[in-house]
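Below is one structure, written out as structure tokens; comments come after it.
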Amino acid sequence: MGEPIVREFRAMSLITLTTDFGSASPYVAAMKGVILSVNPAVAIHDLSHAIPPQDVKHAAQFLAGGVPFYPPKTIHVCVVDPGVGSDRAILLAEAGGQVLLAPDNGCLTEVLAALSDRPVVRRVAERRFWRPTVSATFHGRDIFAPVAAHLSLGVPPADMGPVATAWVTLSPPEMRKGLNQVAGEVMFVDGFGNLITNIPAESVTRQPGGLKIGKDWRTRFSWVRTYSDAAPGTVVALVSSDGRLELAVAQGNAAKVLHATVGTGVTLVFPSAKEAG
Amino acid sequence: MGEPIVREFRAMSLITLTTDFGSASPYVAAMKGVILSVNPAVAIHDLSHAIPPQDVKHAAQFLAGGVPFYPPKTIHVCVVDPGVGSDRAILLAEAGGQVLLAPDNGCLTEVLAALSDRPVVRRVAERRFWRPTVSATFHGRDIFAPVAAHLSLGVPPADMGPVATAWVTLSPPEMRKGLNQVAGEVMFVDGFGNLITNIPAESVTRQPGGLKIGKDWRTRFSWVRTYSDAAPGTVVALVSSDGRLELAVAQGNAAKVLHATVGTGVTLVFPSAKEAG
Amino acid sequence: MGEPIVREFRAMSLITLTTDFGSASPYVAAMKGVILSVNPAVAIHDLSHAIPPQDVKHAAQFLAGGVPFYPPKTIHVCVVDPGVGSDRAILLAEAGGQVLLAPDNGCLTEVLAALSDRPVVRRVAERRFWRPTVSATFHGRDIFAPVAAHLSLGVPPADMGPVATAWVTLSPPEMRKGLNQVAGEVMFVDGFGNLITNIPAESVTRQPGGLKIGKDWRTRFSWVRTYSDAAPGTVVALVSSDGRLELAVAQGNAAKVLHATVGTGVTLVFPSAKEAG
């Protein structure tokens, strides 16, 4: 009678997938097939397969925005991997209860920082959990998928490879805070065209003032609590759902209207400085 | 020995997700994480995350086309929510066996009409089922997701908030039917560019006649049973899979060929009227 | 006490979905609803809903790239069906342990060849497993979905219809191999713009030589093992993850750079022939 219980336990295992494979190629399908061939009862949840190709920074922001909300022991697989087949390592990280599997290219930078001061990071090395033949261009199918599936069956992370002492970390973009101004940049553009910056909400005061986006000063904008607090088309500044300065256009697309993208500089000037300047 | 049975019951719970979040932003990922943190065994089914941003009408057509086919007690979450963070209500509706959770902006109009004459609609108000901190811009993560997850665990809808007596309903677009003609408009453009109108199939006779799309008369078109009944490139009129007048281009894209979109007027004139006119 | 075990068995059933429906239309949602109404415990895995509209060749390549990796008895549903509602058959194929359901239009050509020398193919004919009313334009919802769901409950394929003795097969594009050159064409363009040809890896030697793509000769390209073996922007030739000649641009998009698409001719000339010519 014990067998149903064991199966049930496996059914509770969760694997999430985040890739830049797009939706018309069979690569995601192949990864899911390999995972399910090892553990047919695992629940696979698609996070995104629309990370822009090879965009490690986008992946880093994406993972930090999604992964922390999952139940403990969820296994998150990220394959945004321009260095596939090279000697770049594959990392297996445990942090804040989450388990992450990703190439060693910096895409875990923000999520590890958000989850824990002391992540345990390993280099995936134990070939007996890989597919017997490993291609040079598709480690998602040949290494990431079977490793994740074995983890979902209860194989301990320690069996997958040795602890790593160093890994690639993306340098955070500069954020300068002065007495009367704060300057940062756009870190992420979401599907609505909202601009999420690297300026923490607590660094800004909700006061009238100057706003520089890229090279253009913008004096007409409103501080709001949420998008619908302003008339459609208004440029608004608000606190994002993850606690950062966000610039948006009410019922519109700020990235298009403000000609902004990831890396565009954002400067807020508070009143006294503006009067002085 | 009872526990596996209880778990099994939870595994049968189904939640569907429909949003305008797009696929490259972490918002869907965050919602799934919150749901699974409350109920790790629930099955989550993506319906769409490609509803055009803030397009409540599109969401309304979409839900009516998909939701009625689900097994009873499925929990459908729709987050197309331009009014997020305002005083707009969040509705929890029970209709025809389905359970729906959506902002009170009209997106449930068609699906409630299709499911039941007497939906039971509540205002979501009971904060103990929400995330402890609720952001002003992401109720999908902070309210919709945890409420849906608690419903999937068996919390009764009545625990979520009081019965509502009024809610926002979209006005149906005008449909005029005369002796020899019927006039309506395009309600939905599907992924093939097929144009689904608000003209019920029983209002039209399959006879040669005039067809006006937008401002242009089109005399050359064929009544068909299915797309492949006409040569590629032919403009065809047929009964859609949900029983409405549909205009299509065989093996082509009617929206592009006919320069039509949602709201474009469609008039059918039957032979006698045309002779008379 | 037997019931939980039976339910658990059903939970192990897997259905995959591949369509050209796109992500903003409710057709995928309707199919999932019909499947879950028959078998609420089945696990549904999306392979793709972004097959280009009516592109049977793309579907054929896609299925061959994904389906073979699934565990035995997985039920794969492909609805890329320009002939919906006509007298084209719906096929139910068993090959290499996989179960496939698809219109008889050639989309199974490559995957059946990859899976087995002796597939068992049936024509779906037994109406008692269909929806009671079958529309002329949406067999995905009315036939494919309920047939797949009943298969997932354990109904044997033999109950679905008679064995077929012939079915549509796509003609493989010509591949010419000479002493000093090999010529084929692009079969698939993946989400990165990589060009997968019909030239098997064993047909090519990794030597400097000439490369003709479409009408243009390209003498500057590198043979590599993986993308990152060349500087960004370099045109590279390599063995694809499924063992075919692949042309790529390191960290770039070969389809755009080389103006190539499915059907573009590819010729490799090896050194001696080039010297002679």
Side-chain angles (χ1 to χ4, degrees), chain A residues 1 4-9 11-14 16 18 20 22-23 43 45-52 55 58 61-74 76 98 188-194 196 224-229 232 238-243 246 248 250-253, chain B residues 1 3-8 10-11 17 19-46 49-56 81-88 103 105 131 133-142 145-146 149:
Chain A
M1 285 304 289
I5 299 171
V6 171
R7 282 183 188 158
E8 187 55 32
F9 169 75
M12 309 291 265
S13 297
L14 304 176
T16 80
T18 302
D20 59 355
S23 50
H45 292 278
D46 293 305
L47 299 200
S48 174
H49 302 295
I51 305 296
D55 192 336
H58 189 110
Q61 291 286 310
F62 184 96
L63 293 173
V67 163
F69 298 98
Y70 280 77
K73 302 201 177 175
T74 301
H76 304 276
Q98 308 293 326
F188 194 79
V189 180
D190 74 14
F192 300 98
N194 299 324
I196 320 295
V224 294
R225 203 180 57 86
T226 187
Y227 311 113
S228 59
D229 288 348
L238 68 167
V239 176
S240 76
S241 59
D242 62 356
E246 174 178 341
Q251 316 302 317
N253 187 306
Chain B
M1 285 304 288
E3 205 179 10
I5 299 171
V6 171
R7 282 183 190 159
E8 186 54 33
R10 298 197 313 194
L17 299 181
T19 78
D20 60 354
F21 293 166
S23 50
S25 304
Y27 305 138
V28 174
M31 282 186 66
K32 291 183 180 177
V34 170
I35 290 169
L36 293 165
S37 290
V38 175
N39 183 359
V42 71
I44 301 175
H45 291 278
D46 293 305
H49 302 295
I51 305 296
Q54 288 117 15
D55 192 337
V56 173
D81 192 11
V84 59
S86 70
D87 60 1
R88 67 91 187 84
N105 59 20
R131 293 189 77 224
T133 305
V134 173
S135 72
T137 57
F138 195 5
H139 288 187
R141 177 192 67 191
D142 300 335

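Note that the structure is predicted; figures quoted are calculated from it, not measured. Chain A is the first sequence line, chain B the second, and so forth, proteins listed ahead of strands; every chain is numbered from 1.
- The residue among Ser228(A), Ala64(A), Ser241(A), Gly191(A) with the most heavy atom pairs within less than 4.5 Å of chain B is Ser241(A).
- Atom-to-atom distance recorded for Ile35(B):CD1 and Phe69(A):CZ is 12.5 Å, nearest 0.5 angstrom.
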- Task: With side chain to side chain contact (heavy atoms under 4.5 Å, CB included) as the test, would you mind laying out the steps for Leu36(B) and Leu14(A) before giving the verdict?
- Result: CA-CA 9 Å; Leu36(B) 293 165; Leu14(A) 304 176; 4.0 Å; yes
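- Taking every heavy atom of both residues into account, Ala24(B) and Ala50(A) meet most closely at CB-O, 3.6 Å.
- Contact annotation for Arg88(B): neither backbone nor side-chain heavy atoms come within less than 4.5 Å of a heavy atom of chain A.
- Gly33(B) approaches Pro71(A) most closely through the heavy-atom pair O-CD, 4.0 Å.
- You'll find the side chain of Val28(B) stays beyond 4.5 Å of the side chain of Leu47(A), heavy atoms only.
- Contact annotation for Asp20(B): both backbone and side-chain heavy atoms come within less than 4.5 Å of a heavy atom of chain A.
- Atom OG1 of Thr226(A) is separated from atom CZ of Phe138(B) by 12.5 Å, given to the nearest 0.5 angstrom.
- Panel note: side chain Lys32(B), backbone Asp46(A); a donor-acceptor pair is recorded below 3.5 Å.
- In this structure, chain A has a heavy atom under 4.5 Å from the side chain of Ser135(B), while its backbone stays farther away.
- Residue Leu63(A) does not touch chain B at all, counting heavy-atom pairs closer than 4.5 Å.
- The backbone N or O of Ser23(B) sits less than 3.5 Å from a side-chain atom of Ser48(A), completing a donor-acceptor pair.
- Looking at Arg225(A), its side chain never comes within 3.5 Å of a backbone N or O of Ala136(B) through a donor-acceptor pair.
- Across every non-hydrogen atom of Pro26(B) and Gly66(A), the tightest pair is CB-N, 4.0 Å.
- Distance alone, capped at 3.5 Å, is enough to place a donor-acceptor pair between the Tyr70(A) side chain and the Ala29(B) backbone.
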- Please report the C-alpha distance between Phe188(A) and Ser25(B) in whole Å, then the side-chain angles of each, then the deciding distance to 0.1 Å, and finally whether the side chain to side chain contact (heavy atoms under 4.5 Å, CB included) criterion is met. CA-CA 9 Å; Phe188(A) 194 79; Ser25(B) 304; 4.2 Å; yes
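- Neither the backbone nor the side chain of Thr18(A) comes within less than 4.5 Å of any heavy atom in chain B.
- Between chain A and the residues Gly22(B), Pro82(B), Pro53(B), the most heavy-atom pairs under 4.5 angstrom are made by Pro82(B).
- Rounded to the nearest 0.5 angstrom, Tyr27(B) OH and Phe62(A) CZ are separated by 10.5 Å.
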